[in-house]
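Only this structure's heavy atoms are used, side chains among them; waters, hydrogens and symmetry mates stay out. Numbering starts at 1 and runs along the sequence shown.
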Amino acid sequence: MFAYATGIVGRSVYLELGKERFEVRSAQWAANLHRGLVVVAHLVPVRHGYWLPGPGWAELPFTLGEGMRTNLAELQIDPILRAHAAAQIASA
């Protein structure tokens with residue numbers, strides 16, 4: 001998913017994706033990311049509404065304007081469609 005970092009408090013990084021908000025618990029993210037970055041990551045849900053970053057995350061090397069941030073939900077890659085396309089390529 002692509003998400004916009006809206007804040008960092010302690011070891012939590014707050015991400016926003018349209019109207020959805022995610023509190024990601026990661027000391028590594030809290031130490032290395034800063035507000036305003038766009039993060040590309042798989043998030044894993046854990047208890048009490050917290051999320052953990054999955055392996056293989058990245059931050060985009062540029063910032064996005066307000067118009068682009070509001071449309072981030074439209075840029076999401078559907079993991080089911082991507083897996084289906086990969087299976088079709090593998091079977092060809």
Between Leu43 and Val39, is there shared hydrophobic-cluster membership here, with clusters defined by ILVMFWY side-chain heavy atoms closer than 4.5 Å? yes

Mind listing the closest non-hydrogen atom pair of Gly36 and Tyr4 along with its distance? O-CE1, 3.3 Å

Please give me the minimum heavy-atom distance between Phe22 and Leu17, naming the atom from each residue. CE1-CB, 4.1 Å

CH2 of Trp51 to OG of Ser12: how many Å apart, nearest 0.5 Å? 14.0 Å

Tyr50/Val44 under side chain to side chain contact (heavy atoms under 4.5 Å, CB included): CA gap, chis, key distance, verdict: CA-CA 9 Å; Tyr50 297 120; Val44 179; over 6 Å; no

Would one find more than 12 heavy atoms of other residues, nucleotides or ligands at under 6.0 Å from atom CZ of Arg21? yes

Please walk me through it: do Arg25 and Glu23 pass salt bridge (charged side-chain N to carboxylate O under 4.0 Å, His left out)? CA-CA 6 Å; Arg25 287 287 179 107; Glu23 182 177 348; 3.5 Å; yes

Where do Val13 and Ala5 come nearest, in terms of heavy atoms and distance? CG1-CB, 4.5 Å

Please assess Val9 against Tyr14 for the test side chain to side chain contact (heavy atoms under 4.5 Å, CB included), listing each intermediate value before the final yes or no. CA-CA 8 Å; Val9 177; Tyr14 294 90; 4.0 Å; yes

Out of Leu37, Leu52, Ile8, Leu15, which residue meets the side chain to side chain contact (heavy atoms under 4.5 Å, CB included) rule with Trp29? Leu15

